[in-house]
Amino acid sequence: MISRQTLRIWSAGSLIAIISACSSLQPEPKPSEEITVAPPAEKPCDCPKVELPGLIIGEVEYALVGSDGPLQKARIDTGATTTSVGYNDLTPFERDGDKWIRFTIKDRLDGEVYKFERPLVRTAEIKRHGAEPTRRPVVTVPITIGAVTRTIEVTLADRDAFDYPVLIGRNFMDGKVLVDVSQRFVATGATEQ
């Protein structure tokens, strides 16, 4: 006679064998049949929609300084807070009791000298890696790259030793442009001179 425990073990084993046999009886999908998997249910996004700026600029562009000033080669620097413009001569003076700055910018492309007079907005302390901080005058000037013109604060600096007389900072780019660092002269469509 078979004991109950033996019967239970035999029944459990038979059940496993039957389940295994049934699963092996399922037909294999034919190569021509596509197996589709339903995508997971989409969760609604609570993220804000982001409007992307319309202008893409490269790592280097030509920038127009002032309304009718020089066209200068400009390095785009997303790490710089404020735009910096190189000058040749700089003279502080007073007009109606206010502090002003008279400065000139020499166009490196054609050698023409442009004269500017602007009210002094403030004096900025510029921290430099491995060097003492310097103080630079800050004025407001329109800067144009491609189709974007912004009247922004710029620091005036002696940039004769630099390859680029203008350094475009985030105060020009903020919300208006995207930077593609793999490109040059995208916004102006110019060739490098």
Side-chain angles (χ1 to χ4, degrees), residues 51-181 184-190 192-193:
E51 299 271 335
L52 294 178
L55 181 67
I56 296 175
I57 62 176
E59 68 166 338
V60 176
E61 293 287 351
Y62 284 107
L64 180 67
V65 179
S67 301
D68 55 357
L71 190 62
Q72 300 282 67
K73 200 180 290 186
R75 175 87 163 114
I76 311 304
D77 186 353
T78 59
T81 303
T82 307
T83 296
S84 180
V85 173
Y87 66 85
N88 289 79
D89 296 312
L90 185 133
T91 307
F93 68 99
E94 280 194 24
R95 179 178 286 164
D96 299 326
D98 295 325
K99 293 181 179 182
W100 281 61
I101 300 290
R102 180 179 295 122
F103 60 99
T104 61
I105 299 175
K106 183 176 181 180
D107 189 330
R108 289 189 185 178
L109 298 176
D110 65 13
E112 189 173 345
V113 176
Y114 293 83
K115 296 178 183 177
F116 293 85
E117 289 184 353
R118 295 285 191 273
L120 178 67
V121 174
R122 61 188 169 89
T123 301
E125 186 172 277
I126 307 298
K127 296 176 184 165
R128 300 177 303 162
H129 183 70
E132 291 293 316
T134 62
R135 298 186 62 75
R136 295 184 187 160
V138 177
V139 297
T140 302
V141 177
I143 302 285
T144 303
I145 296 178
V148 173
T149 300
R150 298 191 81 179
T151 301
I152 57 172
E153 289 186 357
V154 301
T155 62
L156 298 175
D158 180 358
R159 296 188 59 83
D160 281 343
F162 295 97
D163 291 336
Y164 305 101
V166 175
L167 181 87
I168 299 294
R170 291 190 310 269
N171 67 332
F172 177 85
M173 296 178 268
D174 190 26
K176 299 293 181 190
V177 299
L178 292 175
V179 181
D180 181 350
V181 296
R184 294 168 70 94
F185 307 108
V186 176
T188 55
E192 189 166 3
Q193 295 182 10

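All values below come from the heavy atoms of this structure, side chains included, with hydrogens, waters and symmetry mates left out.
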Treating [X] as the side-chain partner and [Y] as the backbone partner, does any N or O pair qualify as donor plus acceptor under 3.5 Å?
X: Gln72; Y: Val65; result: no
X: Thr149; Y: Thr144; result: no
X: Asp158; Y: Asp160; result: yes
X: Glu59; Y: Ile76; result: no
X: Arg75; Y: Asp163; result: no

Just how far is it from atom [atom1] of [X] to atom [atom2] of [Y], taken to the nearest 0.5 Å?
X: Leu167; Y: Phe172; atom1: CG; atom2: CZ; answer: 12.5 Å
X: Arg170; Y: Ile152; atom1: CZ; atom2: CD1; answer: 12.5 Å
X: Leu55; Y: Ile145; atom1: CG; atom2: CD1; answer: 8.0 Å
X: Asn88; Y: Phe103; atom1: CG; atom2: CZ; answer: 11.0 Å
X: Ile168; Y: Ile143; atom1: CD1; atom2: CD1; answer: 5.5 Å
X: Tyr62; Y: Leu109; atom1: OH; atom2: CG; answer: 5.5 Å

Would you please say whether a donor-acceptor pair under 3.5 Å links the side chains of Asn171 and Thr83?
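Distance-only check passes for Asn171 and Thr83.
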Restricting to non-hydrogen atoms, name the atom on Phe116 and the atom on Gly66 that form the minimum distance, rounded to 0.1 Å.
CE2-CA, 4.1 Å
Return each pair, listed once, that meets ring pair (Phe, Tyr, Trp, His ring centres under 6.0 Å) where at least one residue sits in residues 140-162; pairs must be two or more places apart or across chains.
none
Determine whether more than 12 heavy atoms belonging to other residues, nucleotides or ligands lie under 6.0 Å from atom CG of Asp98.
yes
Determine all donor-acceptor pairs shorter than 3.5 Å in which one atom belongs to a side chain in residues 132-142; sequence neighbours excluded.
none

Closer than 4.0 angstrom, basic N to acidic O: yes or no for Glu112 and Lys106?
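Salt bridge flag = no for Lys106 with Glu112.
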